[in-house]
There are 2 protein chains.
Amino acid sequence: MEKYVHILKGKGLKITPQRLTILKYLDENRTHPDADIIYNDLKSMNPSLSRTTVYNTLDAMRNIKIIQELTISKTETRYDYHTDPHHHFLCMKCGSIIDVDIKCPHQDSKEVDGHRIEEIHGYFKGICKICSNE
Amino acid sequence: MEKYVHILKGKGLKITPQRLTILKYLDENRTHPDADIIYNDLKSMNPSLSRTTVYNTLDAMRNIKIIQELTISKTETRYDYHTDPHHHFLCMKCGSIIDVDIKCPHQDSKEVDGHRIEEIHGYFKGICKICSNE
DNA sequence: TCCTAACTGGTAATCATTACAAATTAAAAA
DNA sequence: TTTTTAATTTGTAATGATTACCAGTTAGGA
């Protein structure tokens, strides 16, 4: 848990039990969950947790860039504990998001056509290996 | 207008005035509009047009792949008349989506890590050239 | 011209996310 | 350690894009 305290402190965020819990959850669940899944999974162990806090916390952590928002799915925002740059595959059948580790020549670009880049997202959509085999 | 009749017929969609109007609009407005903007822009000339028809039509045209859905923005789905593959830049200040014509080595891939690809999206987010200069 | 499945339009429902305000708490200052 | 204050948490209500539903209309083949 000291690890998460350190990460938050380093970025100037106040340490709260809720933030530690959510950050730990994202670190240990690399399934690209959405806010509602995070809320429901943590609710049982943290009965006072509020949905709004989950949203607020995710937003705060996105601001300091320790997590990343994925807008690959049309219906909900999903979250990714931010480490090395990588692309994502969304299965249009089962809805799971899978990391794809491919080389992208633009991954470290700071601008395109004069526009300043802050985030780069590579999204593939299709049918995943498992769903393809029925 | 014959052009759009031909496109729809070729894909087996029924020809309706609404579909022709919406397809023409997307061809002539490469601003990546969302359903609401399309609805409002066309409503004055087509008073009987319904919001539901706009959604239905966009969905039908996406199915036959003559237009593309962009999920780059968190709040709404935006649409692109589908031509050559290209990536997109979203300005986080003014909200505009700009085409970026860069080479991507994965643009024509049919699969990654065994997962069958149907769509490829390259999204850059940041501050556009115009907003950067205040 | 007739027939039928497909399409349109209007309203109501859904659902993720945000707004708001009162109560609580982290952590800096005394 | 205690005090103080701004930041955070929580629950509820509001928002807004999208979808569901269904009655009425229409495209286009027979």
* Asked: Choosing from C:dA27, C:dC7, C:dG9, which nucleotide comes nearest the side chain of B:T16?
  -> C:dC7
* **Between C:dC15 (P) and A:N40 (CG): distance, integer Å** => 14 Å
* Asked: Choosing from C:dG9, D:dT10, C:dT17, which nucleotide comes nearest the side chain of A:A35?
  -> C:dT17
* To do: With axes from five pairs an end, tell me the bend angle of the helix from C:dT1-D:dA30 to C:dA30-D:dT1, nearest 10°.
  => 40°
* Asked: Under 4.0 Å: is that the gap between some side-chain N or O of B:Q18 and OP1 or OP2 of D:dT26?
  -> no
* Asked: Closest to the A:P17 side chain: C:dT18, D:dG28, C:dA26?
  -> C:dA26
* Structure fact -> Looking only at D:dT10, D:dG28, C:dT17, the nucleotide nearest the A:E76 side chain is C:dT17
* Sort out for me which residue in B:C128, B:C91, B:C131 forms a side chain to side chain contact (heavy atoms under 4.5 Å, CB included) with A:H115. => B:C128
* Asked: Any idea which of D:dA17, C:dG9, D:dT9 is nearest the B:S50 side chain?
  -> C:dG9
* For B:D36, report the nucleic acid contact type (base, sugar-phosphate, nothing); a contact means any heavy atom under 4.0 Å. => nothing
* Measure the distance from CZ on A:R19 to C1' on C:dT25 and round it to the nearest whole Å. => 12 Å
* What's the verdict on side chain to side chain contact (heavy atoms under 4.5 Å, CB included) for A:I38 and A:Y25, showing C-alpha distance, side-chain angles and the deciding distance? -> CA-CA 8 Å; A:I38 297 170; A:Y25 178 90; 3.7 Å; yes
* Of A:Y39 and A:G12, the one whose closest DNA chain D nucleotide lies more 5' -> A:G12
* To do: Return the nearest nucleotide to the side chain of A:T77; candidates are C:dT8, C:dA27, C:dT17.
  => C:dT17
* Asked: Between the main-chain N or O of A:L49 and the side-chain N or O of A:K43, is there a donor-acceptor pair closer than 3.5 Å?
  -> yes
* To do: Please report, rounded to the nearest Å, how far the C1' atom of C:dA16 is from the CD1 atom of A:I37.
  => 13 Å
* Asked: Would you call B:R62-B:D59 a salt bridge at under 4.0 Å N-O?
  -> yes
* To do: Kindly point out which of C:dC7, C:dG9, C:dT17 is positioned nearest to the side chain of B:L13?
  => C:dC7
* Asked: Could you give the CG-to-P distance, from B:D59 to D:dA17, as a whole number of Å?
  -> 18 Å
* Side-chain heavy atoms under 4.5 angstrom apart, residues restricted to Ile, Leu, Val, Met, Phe, Trp, Tyr: same cluster for A:M45 and A:V54? -> no
* **Euclidean distance, atom OH of residue A:Y79 to atom C1' of C:dA16 [Å, nearest integer]** => 11 Å
* Report yes if a side-chain nitrogen or oxygen of A:S48 is closer than 4.0 Å to either non-bridging phosphate oxygen (OP1 or OP2) of D:dT10; otherwise report no. => yes
* **Rounded distance in Å - CZ (B:R51) to P (D:dT19)** => 13 Å
* To do: Quickly work out the B:D34 CG to D:dG16 C1' distance and round it to whole Å.
  => 11 Å
* For the residue pair B:H32 and B:H86, categorise the inter-ring angle as parallel (less than 30°), tilted (30 to 60°) or perpendicular (more than 60°). => tilted
* To do: To the nearest Å, give me how far apart CD1 (A:I64) and P (D:dA7) are.
  => 16 Å
* **Backbone N/O of B:D36 and side chain of B:D34: donor-acceptor pair under 3.5 Å** => yes
* Asked: Contact class for B:N56 vs. all strands (heavy atom < 4.0 Å): base, sugar-phosphate, or nothing?
  -> base
* Is there a donor and acceptor pair closer than 3.5 Å between the side chain of A:T52 and the base of D:dT12? -> yes
* Does the pair B:R30/B:D80 count as a salt bridge with the N-to-O cut at 4.0 Å? -> no
* Asked: Can you tell me if the side-chain N/O atoms of A:Y55 get under 4.0 Å from OP1 or OP2 in C:dT17?
  -> yes
* Asked: Can you tell which of D:dT8, C:dG9, C:dG10 lies closest to the side chain of B:K43?
  -> C:dG10
* Taking the six-membered ring for Trp, are B:H106 and A:F124 parallel (under 30°), tilted (30 to 60°) or perpendicular (over 60°)? -> perpendicular
* Asked: So which nucleotide from D:dT9, D:dT10, C:dT8 ends up closest to the side chain of B:T57?
  -> C:dT8
